[in-house]
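Accompanying notes for the structure given below.
Heavy-atom basis, side chains included; hydrogens, waters and symmetry copies ignored. One-based numbering along the sequence shown.
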Amino acid sequence: MSADFPLIAGSFLVAIVVGLTGMGGGALMTPMMMLFFNVPPLAAVSSDLVASAVMKPVGSVVHLRRGTVNLRLVGWLCAGSVPTAFCGVFLARAFAVSDGVKYALGVALLLAVAGMALKAWLGTRGGTSSAQDIVVRPIPTLLVGMVGGLVVGVSSVGSGSLIIVALLVLYPALKANQLVGTDLVQAVPLVTAAALGHLLYGDFQMGLTVSLLIGSIPGVYLGARISSRAPGGLIRAMLAIVLLASALKLLDVSNAVTVWTLAAATAITIAGWRWRRLLPGNRAAAPRETVSTH
């Protein structure tokens with residue numbers, strides 16, 4: 001087992017983005033391995049999930065200590081996500097014969113981009129409730145966990161990009177740090193279940209995972225250190241464009257269509273950013289956004 005230095009460098013750069021934005025780990029790391037390092041889809045998903053299972057508990061402990069986690073909400077999410085994440089591994093193996101994992105990842109990235117746009121739109125509604133005061137809606141929460149777990153098991157995308165958006169829609173009264181804390185804690189058993197499934201039935205490669213961890217751990221730390229100085233909204237917009245480009249390439253969209261789509265998305269992003277700045281509540285200088293890391 002030898003370290004892959006180009007992969008270490010790539011994972012370091014991706015992890016900086018993750019540290020800056022608080023999301024996008026699986027959505028960026030897995031496509032990077034597939035598109036730039038020719039890693040087979042199932043091996044990329046497996047190694048990324050195992051690496052995530054090692055890193056996610058660290059941030060979870062921080063949020064648990066701060067009291068920004070609704071454990072009852074976490075329990076209902078995990079009741080749905082843990083079994084379906086494990087089952088998603090079997091679907092990934094079935095799809096792998098026809099490159100289905102690659103296309104499933106492309107679709108998952110498109111959903112992540114849509115989720116980020118929805119989160120930006122709904123993010124103007126500031127929650128005011130304590131994480132412990134929220135009334136949990138069991139059935140919708142269970143369904144969110146089931147769908148999110150299935151997507152994570154198949155593609156490694158969704159634990160931070162998709163589920164947190166669903167929580168924002170279901171529980172708009174939760175504050176931003178409570179959304180992040182609850183989502184991060186529920187992601188630990190979710191990603192662990194998916195990682196266990198890939199260890200048993202996937203295509204886990206120890207060398208890939210070690211290289212990811214060597215690059216991503218210092219990258220996440222560095223990104224988190226500079227996140228307080230970076231304009232989080234602008235960085236998330238750039239991340240959405242990168243995810244959209246990755247999704248289109250994974251879905252084998254032609255270069256011409258990809259370029260026009262990215263140009264349109266960039267124009268819409270700039271127009272939306274300018275429109276939000278012109279809103280009465282945003283004209284005054286606002287405190288710089290602080291982003292919690294996943």
Revision key, fill the gap. Note: V45 and G153 closest approach over all heavy atoms is CG1-O, 4.4 Å
Point to revise | Pairwise side-chain contact, S254 with T258, heavy-atom cut-off 4.5 Å (strictly under) | key: no
Revision key, fill the gap. Here the gap from L213 atom CG to S11 atom OG, rounded to the nearest 0.5 Å, amounts to 8.5 Å
Exercise for review: Flag the pair F12 / S216 as yes when at least one side-chain heavy-atom distance between them is below 4.5 Å, and no otherwise.
Suggested key: no
Check your understanding: Any side-chain heavy atom of L73 sitting closer than 4.5 Å to one from T141?
Key -> yes
Exercise for review: I would like to know whether T192 and F86 meet side-chain contact (heavy atoms from CB on, under 4.5 Å); could you show each step before the answer?
Suggested key: CA-CA 9 Å; T192 301; F86 197 83; over 6 Å; no
Revision key, fill the gap. Rounding to 0.5 Å, atoms OG (S81) and CD (Q186) come to a distance of 5.5 Å
**Study point:** Approximate separation, where rounding is to 0.5 Å, of R72 CZ and L77 CG
**Key:** 11.5 Å
Check your understanding: OG/S211 to CD/Q205 distance, rounded to the nearest 0.5 angstrom?
Key -> 10.5 Å
Check your understanding: How many angstroms lie between CG in L196 and CG in L49, if you round to the nearest 0.5 Å?
Key -> 11.5 Å
Revision key, fill the gap. Heavy-atom closest pair (G215 atom, A15 atom, distance to 0.1 Å) is O-CB, 4.5 Å
Exercise for review: Report yes or no: do V210 and L199 belong to one cluster of Ile/Leu/Val/Met/Phe/Trp/Tyr joined by side chain heavy-atom distances under 4.5 Å?
Suggested key: yes
Point to revise | Residues N70 and T182: side-chain donor-acceptor under 3.5 angstrom | key: no
Exercise for review: Test M33 against N38 for side-chain contact (heavy atoms from CB on, under 4.5 Å), laying out the working first.
Suggested key: CA-CA 6 Å; M33 287 189 284; N38 297 317; over 6 Å; no
Review point. Any side-chain heavy-atom pair from P140 and L142 closer than 4.5 angstrom?
Key: no
Practice item. Evaluate the side-chain proximity of L13 to M32: yes if any heavy-atom separation is below 4.5 Å, no if none is. Key: no
Check your understanding: Taking all atoms of both residues into account, what is the closest heavy-atom pair of L190 and A85, and its distance?
Key -> CD1-CB, 3.5 Å
Practice item. With the side chain counted from C-beta on, respond yes when V154 and V89 share a heavy-atom pair under 4.5 Å apart, and no when they do not. Key: no
Review point. Same hydrophobic cluster for V82 and V147, using side-chain heavy-atom links shorter than 4.5 Å among ILVMFWY?
Key: no
Practice item. Look at the side-chain heavy atoms of Ile, Leu, Val, Met, Phe, Trp and Tyr, link any pair under 4.5 Å apart, and say whether V257 and V259 land in one connected group. Key: no
Practice item. Taking all heavy atoms of V39 and all of A43, pick out the closest pair and write down the distance. Key: CG1-CB, 3.9 Å
Check your understanding: Between L208 and L7, is a side-chain contact (heavy atoms from CB on, under 4.5 Å) present by the stated rule, with each step listed?
Key -> CA-CA 8 Å; L208 279 177; L7 181 58; 3.4 Å; yes
Check your understanding: Below 4.5 Å, heavy atoms only, C-beta onward: do V136 and Y171 meet side chain to side chain?
Key -> yes
Review point. What distance do M29 atom CE and S52 atom OG have between them, rounded to the nearest 0.5 Å?
Key: 7.5 Å
Point to revise | Trace of the side-chain contact (heavy atoms from CB on, under 4.5 Å) decision for L110 with L251 | key: CA-CA 10 Å; L110 289 179; L251 295 172; 3.6 Å; yes
Exercise for review: Verify the cluster assignment for V191 and M146: are they in a single hydrophobic cluster under the rule of side-chain heavy atoms below 4.5 Å apart?
Suggested key: yes
Check your understanding: Is there side-chain contact between L64 and L71, with heavy atoms separated by less than 4.5 Å?
Key -> yes
Review point. Which atoms form the tightest heavy-atom contact between D4 and P6, and what is the distance?
Key: OD1-CD, 3.0 Å
Review point. According to a 4.5 Å side-chain heavy-atom criterion applied to Ile, Leu, Val, Met, Phe, Trp and Tyr, with indirect links allowed, do V113 and L262 form part of one hydrophobic cluster?
Key: yes
